[in-house]
S.K.: 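Quick one: the structure is below, and I'll ask about it shortly.
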Amino acid sequence: MESEIKVMLKEKVLVLAVHPDDETLGCGGTLLKHKSDGDSIHWLIATKISQEKGFSNSEVESRAKEIEMVKNKYQFDSVHFLDLDTMYCEQYPLSEIIKKCSHVINEVKPSVIYVPFRGDVHSDHRVCFDAIYACTKSFRYPFIKKVLMMETLSETEFSITTADNMFIPNVFININEHIHKKCEIMEIYKSECGDHPFPRSTESIQSLAKFRGGTAGVNFAESFMLLKEIRK
């Protein structure tokens with residue numbers, strides 16, 4: 001009986017990565033923690049690169065290989081694609097993106113969703129946040145119990161720091177056991193990483209995790225803004 005109850009309590013987790021690597025920067029350690037706890041984790045990638053939009057064939061092929069490698073490292077239970085052109089999300093009707101997000105959410109039926117910060121400097125992040133948050137209404141998606149905005153290096157810290165547009169974390173996840181693997185996975189994205197002081201560097205990732213850990217009383221942590229939590 002006890003084992004049956006434990007199985008019932010396992011979470012279904014969905015992360016929206018506007019661009020491949022956002023899942024790792026924003027909540028890579030937390031995803032690894034979910035997986036080690038026996039939760040199922042699911043990856044929704046919003047944008048793509050293509051030759052039609054100026055990327056070389058080698059870049060497109062390299063990105064596909066990186067996604068496959070990252071998928072295997074996390075052991076994602078499923079991967080989904082919205083196939084929006086990167087840097088052009090503003091040009092799509094919002095209703096079209098909402099429809100795509102809704103289809104994936106209804107297929108996965110997640111209990112926990114990690115989404116980009118609404119104030120991120122990249123317009124793709126803001127558009128995709130609006131789309132997926134529209135798909136969290138409890139009367140249409142009753143299986144969703146928790147929605148959290150994540151902190152994405154090179155996007156969140158460069159947002160406008162006005163009183164109504166600041167990332168103010170109120171949830172902290174201990175990732176002591178997962179920080180090194182998070183950094184290893186991030187290094188798979190060779191074109192997205194750089195040497196310090198580039199924001200998407202191993203040093204920056206570890207420094208942010210150590211800073212957030214100081215708030216949480218642990219060595220390394222990831223931080224989030226809780227938008228919604230439904231408890232019964």
Side-chain angles (χ1 to χ4, degrees), residues 7-48 66-68 70-84 86 89 92 94 96-118 120 122 124-152 155-156 169 171 173 175 178 181-182 185-186 222-232:
V7 170
M8 291 173 61
L9 292 176
K10 296 302 180 184
E11 303 282 10
K12 269 191 170 183
V13 177
L14 176 68
V15 56
L16 170 62
V18 180
H19 310 98
D21 82 351
D22 289 339
E23 78 295 325
T24 300
L25 290 168
C27 63
T30 300
L31 289 172
L32 292 166
K33 188 180 183 73
H34 275 297
K35 195 66 179 180
S36 67
D37 288 344
D39 299 334
S40 65
I41 59 174
H42 305 264
W43 189 13
L44 173 55
I45 303 172
T47 63
K48 65 178 180 179
E66 288 171 351
I67 290 172
E68 186 64 22
V70 170
K71 171 190 172 183
N72 292 333
K73 286 288 186 181
Y74 282 110
Q75 296 183 331
F76 277 110
D77 293 273
S78 69
V79 182
H80 308 264
F81 302 89
L82 299 186
D83 286 330
L84 308 174
T86 189
C89 288
Y92 292 86
L94 185 60
E96 179 182 335
I97 305 177
I98 291 173
K99 185 177 181 180
K100 287 174 176 281
C101 288
S102 178
H103 176 78
V104 173
I105 289 174
N106 277 312
E107 182 177 338
V108 175
K109 290 184 167 50
S111 53
V112 180
I113 300 182
Y114 294 97
V115 301
F117 175 52
R118 177 62 180 85
D120 279 353
H122 202 308
D124 283 357
H125 284 227
R126 299 194 298 272
V127 170
C128 289
F129 169 85
D130 287 344
I132 197 162
Y133 195 68
C135 300
T136 64
K137 297 175 181 177
S138 58
F139 63 90
R140 295 194 186 280
Y141 310 90
F143 40 81
I144 298 175
K145 303 304 180 186
K146 189 182 294 187
V147 182
L148 302 105
M149 289 193 297
M150 55 191 181
E151 183 177 25
T152 308
E155 301 296 349
T156 305
V171 175
I173 306 295
I175 61 166
H178 307 289
K181 187 168 183 178
K182 168 177 174 158
I185 294 174
M186 186 60 205
E222 288 174 338
S223 64
F224 305 90
M225 287 181 67
L226 179 64
L227 294 181
K228 181 184 299 184
E229 183 174 24
I230 301 173
R231 295 185 181 183
K232 294 184 178 179

S.K.: Is there side-chain contact between Ile105 and Tyr141, with at least one heavy-atom pair below 4.5 Å?
M.R.: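 A side-chain contact exists here, since the closest heavy-atom pair is under 4.5 Å.
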S.K.: Answer whether the closest heavy-atom distance between the side chains of Val79 and Phe81 falls below 4.5 Å.
M.R.: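 Yes; the side chains approach each other to less than 4.5 Å.
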S.K.: Write down the atom of Gly29, the atom of Glu222, and the distance for their closest heavy-atom approach.
M.R.: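 Taking every non-hydrogen atom into account, N-OE2, 2.9 Å.
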S.K.: Any donor-acceptor pair under 3.5 Å linking the side chain of Glu68 with the backbone of Glu66?
M.R.: no
S.K.: Is any side-chain heavy atom of Leu44 closer than 4.5 Å to one of Val108?
M.R.: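 The answer is no, as the side chains (C-beta and beyond) never meet within the 4.5 Å cut-off.
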S.K.: Which atoms form the tightest heavy-atom contact between Val18 and Pro116, and what is the distance?
M.R.: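 Closest heavy-atom pair between Val18 and Pro116: CG2-CG, 3.8 Å.
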S.K.: Got a sec: does the NZ of Lys99 have more than 12 other heavy atoms crowding it under 6.0 Å?
M.R.: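 Result for NZ/Lys99: open.
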S.K.: Where do Ala131 and Ile97 come nearest, in terms of heavy atoms and distance?
M.R.: CB-CG2, 3.4 Å
S.K.: Measure the spacing between SG of Cys128 and CD1 of Ile45 and express it to the nearest 0.5 Å.
M.R.: 12.0 Å
S.K.: For the atom pair OG (Ser102) and CG (Asn106), what is the distance rounded to the nearest 0.5 Å?
M.R.: 4.5 Å
S.K.: So, do Ser138 and Ile230 sit near enough that their side-chain heavy atoms are less than 4.5 Å apart?
M.R.: yes
S.K.: Just jot down the side chain to side chain contact (heavy atoms under 4.5 Å, CB included) partners of Lys146, sequence neighbours excluded, or say none.
M.R.: Val112, Leu148, Leu226, Glu229
S.K.: Will you find, in the side chains of Glu151 and Thr156, an N or O donor that is under 3.5 Å from an N or O acceptor?
M.R.: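 Distance-only check fails for Glu151 and Thr156.
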S.K.: Taking 4.0 angstrom as the limit, do Arg118 and Asp130 come out as a salt bridge?
M.R.: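 Salt bridge present between Arg118 and Asp130.
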S.K.: For side chain to side chain contact (heavy atoms under 4.5 Å, CB included), just list the numbers for Phe129 and Asp120, CA-CA rounded to whole Å, side-chain angles, deciding distance to a tenth of an Å, and then say yes or no.
M.R.: CA-CA 10 Å; Phe129 169 85; Asp120 279 353; over 6 Å; no
S.K.: Passes side chain to side chain contact (heavy atoms under 4.5 Å, CB included), Val15 versus Met150? Steps please.
M.R.: CA-CA 10 Å; Val15 56; Met150 55 191 181; 3.9 Å; yes
S.K.: Evaluate the side-chain proximity of Asp22 to His125: yes if any heavy-atom separation is below 4.5 Å, no if none is.
M.R.: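 When only atoms from C-beta onward are counted, Asp22 and His125 do touch, with a gap below 4.5 Å.
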S.K.: With rounding to the nearest 0.5 angstrom, report the NE2 to CG distance, His103 to Leu82.
M.R.: 10.5 Å
S.K.: Between CZ of Phe76 and CD1 of Ile67, what distance do you get to the nearest 0.5 Å?
M.R.: 11.0 Å
S.K.: Less than 4.5 Å apart, side chain to side chain, heavy atoms only: is that true for Phe143 and Pro110?
M.R.: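 Phe143 vs Pro110: side chains touch.
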S.K.: When rounded to the nearest 0.5 angstrom, what distance separates OG in Ser40 from NZ in Lys109?
M.R.: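 Those atoms lie 13.0 Å apart.
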S.K.: Would you please name every residue forming a ring-ring contact (aromatic ring centres under 6.0 Å, His included) with Tyr114, sequence neighbours left out?
M.R.: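 Counting only residues at least two positions away or on another chain, Tyr114 forms a ring-ring contact (aromatic ring centres under 6.0 Å, His included) with His34, Phe224.
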S.K.: Does Lys71 NZ have over 12 foreign heavy atoms under 6.0 Å away?
M.R.: no
S.K.: Indicate yes or no for a side-chain donor-acceptor contact from Thr47 to the backbone of Leu84 under 3.5 Å, with no hydrogens or angles considered.
M.R.: no
S.K.: Counting distance only, does the side-chain N/O of Lys228 pair as donor-acceptor with the main-chain N or O of Thr136 below 3.5 Å?
M.R.: yes
S.K.: Between Lys33 and Asp39, does the salt bridge (Lys or Arg N to Asp or Glu O under 4.0 Å) criterion hold? Intermediate values first, please.
M.R.: CA-CA 9 Å; Lys33 188 180 183 73; Asp39 299 334; over 6 Å; no
S.K.: Kindly indicate whether the side chain of Lys145, heavy atoms from C-beta on, has any atom under 4.5 Å from the side chain of Glu11.
M.R.: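 Of all side-chain heavy-atom pairs linking Glu11 with Lys145, none is under 4.5 Å.
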S.K.: Might you point out which heavy atoms bring Thr24 and Lys182 nearest each other, and give the distance in Å?
M.R.: O-CE, 3.1 Å
S.K.: Using 0.5 Å steps for rounding, measure from the CG atom of Leu25 to the NE2 atom of His19.
M.R.: 11.5 Å
S.K.: What's the shortest heavy-atom distance between Phe117 and Met225, and which atoms?
M.R.: CE1-SD, 3.9 Å
S.K.: Less than 4.5 Å apart, any side-chain heavy atom of Tyr92 and any of Val127?
M.R.: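 No; the side chains remain at least 4.5 Å from each other.
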S.K.: Between Ile185, Leu31, Leu32, which is the residue that forms a side-chain contact (heavy atoms from CB on, under 4.5 Å) with His178?
M.R.: Leu32
S.K.: Using the salt bridge (Lys or Arg N to Asp or Glu O under 4.0 Å) criterion, which residues pair with Arg140? Sequence neighbours excluded.
M.R.: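 Arg140 satisfies salt bridge (Lys or Arg N to Asp or Glu O under 4.0 Å) with no residue once adjacent residues are dropped.
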S.K.: Please find the pair of heavy atoms, one from Lys35 and one from Tyr74, that lie closest to each other, and give the distance.
M.R.: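 Heavy atoms of Lys35 and Tyr74 come nearest at CG-O, 3.8 Å.
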S.K.: Would you say Lys12's side chain and Ile144's backbone share a donor-acceptor pair under 3.5 angstrom?
M.R.: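 Not a single qualifying donor-acceptor pair exists.
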